[in-house]
Amino acid sequence: MANLPLVGLLRIDHVGVAVPDLSEAVTFYAETFGMRCVHEEVNEEQGVREAMLAVGDDPGAPRLQLLAPARPDSAIAKFLGRSGPGLQQLAYTVRDVRASSDALRARGLRLLYDEPRRGTGGSLINFVHPKDAGGVLVELVQPA
Ligand code: MC0
């Protein structure tokens with residue numbers, strides 16, 4: 001490992017939870033845990049409707065991302081069909097998603113995309129296959 005480039009994780013960006021109904025879930029987290037919805041969008045390419053929830057008052061703290069399927073053939077619909085609602089992904093902030101992806105490829109891990117795709121708020125994202133990361137779908141996020 002000594003000669004491999006650093007992966008360059010900066011912090012936990014968000015934790016993603018798959019939910020069947022976005023507005024019901026936003027209401028549940030607000031009323032139950034007091035979390036504020038700070039962003040909502042539809043990502044057509046990923047086939048998701050998503051909401052970012054702030055946990056506490058620290059603007060730099062990791063967020064909770066609620067992910068609902070926007071179409072039946074999406075990754076989230078498949079996840080819900082197989083596993084039901086629950087933790088779907090763990091996302092890390094990186095400075096340069098291409099460099100971090102290359103550093104992980106150099107360690108033998110499979111990245112899902114050859115080139116980064118568009119994520120929340122115009123970020124650039126890629127994913128490590130869960131089978132190469134101990135059963136966890138790992139997302140890399142380069143903020144916009
Ligand atoms: C599947 N597996 C998982 C998993 N999804 N394990 C842990 N966490 C997950 N989320 C496991 C299955 O149980 C199976 O295990 C094995 O991986 C292969 O399953 P598969 O049926 O071949 O694969 P698929 O078709 O379910 O696809 C899995 C894959 C897919 C990770 C490739 O979900 C994908 O492309 N994900 C990346 C995109 C994504 O998740 N988009 C939604 C979030 P067994 O043991 O049964 O073989 S969009 C997002 O996050 C954006 C908006 C953002 O944050 O900016």
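By convention here, the first residue in the shown sequence is residue 1. Every number for a ligand or one of its atoms is a count from 1 in the order of the listing.
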* Using heavy atoms and a threshold below 4.0 Å, how should the contact between Lys78 and ligand 1 be classified: side chain, backbone, both, or neither? -> side chain
* Asked: Quick one: which of Ala133, Pro130, Ala70 has a heavy atom closest to atom 31 (C) of ligand 1?
  -> Pro130
* To do: Tell me which one of Gly16, Pro69, Ala75, Ser74 gets a heavy atom nearest to atom 30 (C) of ligand 1.
  => Ala75
* Asked: Does a sphere of radius 6.0 Å around CG in Asp57 hold more than 12 heavy atoms from other residues, nucleotides or ligands, not counting ones at 6.0 Å or beyond?
  -> no
* **Residue-ligand contact His14/ligand 1, heavy atom below 4.0 Å** =>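 Yes, His14 has heavy atoms under 4.0 Å from ligand 1.
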* To do: Could you list the residues that satisfy salt bridge (charged side-chain N to carboxylate O under 4.0 Å, His left out) with Asp132, not counting sequence neighbours?
  =>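 Partners of Asp132 under the salt bridge (charged side-chain N to carboxylate O under 4.0 Å, His left out) test: Arg110.
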Quick check: does [X] get an N/O under 3.5 Å from an N/O on ligand 1?
X: Gln88; answer: yes
X: Ser123; answer: no
X: Arg82; answer: yes
X: Lys131; answer: yes
X: Asn43; answer: no

* **Whether His129 side chain and Lys131 backbone form a donor-acceptor pair below 3.5 Å** =>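 Yes: the side chain of His129 pairs with the backbone of Lys131.
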* Asked: Looking only at atom types and distance, does a side-chain atom of Arg107 sit under 3.5 Å from a main-chain N or O of Ala103, one as donor and one as acceptor?
  -> yes
* Asked: What distance separates Leu64 CG from Arg36 CZ, expressed to the nearest 0.5 Å?
  ->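 Between Leu64 CG and Arg36 CZ, I get 13.0 Å after rounding to 0.5 Å.
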Which ligand 1 atoms, with their elements, are less than 4.0 angstrom from a heavy-atom of [X]?
X: Leu112; value: 32 (C), 34 (C), 35 (O), 36 (N), 37 (C)
X: Gln65; value: 50 (O), 52 (C), 53 (C), 54 (O)
X: Tyr113; value: 38 (C)
X: Phe127; value: 37 (C), 38 (C), 39 (C), 50 (O)

Run the salt-bridge test on [X] and [Y] with the 4.0 Å N-O cut-off and return the result as yes or no.
X: Arg71; Y: Asp73; result: yes
X: Arg118; Y: Glu44; result: no
X: Glu115; Y: Arg98; result: yes

* Would you kindly say whether Ser23 and Asp21 are connected by a side-chain donor-acceptor distance under 3.5 Å? => yes
* Is it the case that His39 and Glu50 place a side-chain donor and acceptor less than 3.5 Å from each other? ->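 Looking only at side-chain atoms, Glu50 and His39 do not form any donor-acceptor pair under 3.5 Å.
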* To do: Kindly state if atom 16 (C) of ligand 1 has a protein heavy atom within a strict 4.0 Å cut-off, that is, under 4.0 Å?
  => yes
* Under-4.0 Å protein heavy-atom contact, atom 54 (O) of ligand 1 ->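 Under 4.0 Å from atom 54 (O) of ligand 1, at least one protein heavy atom found.
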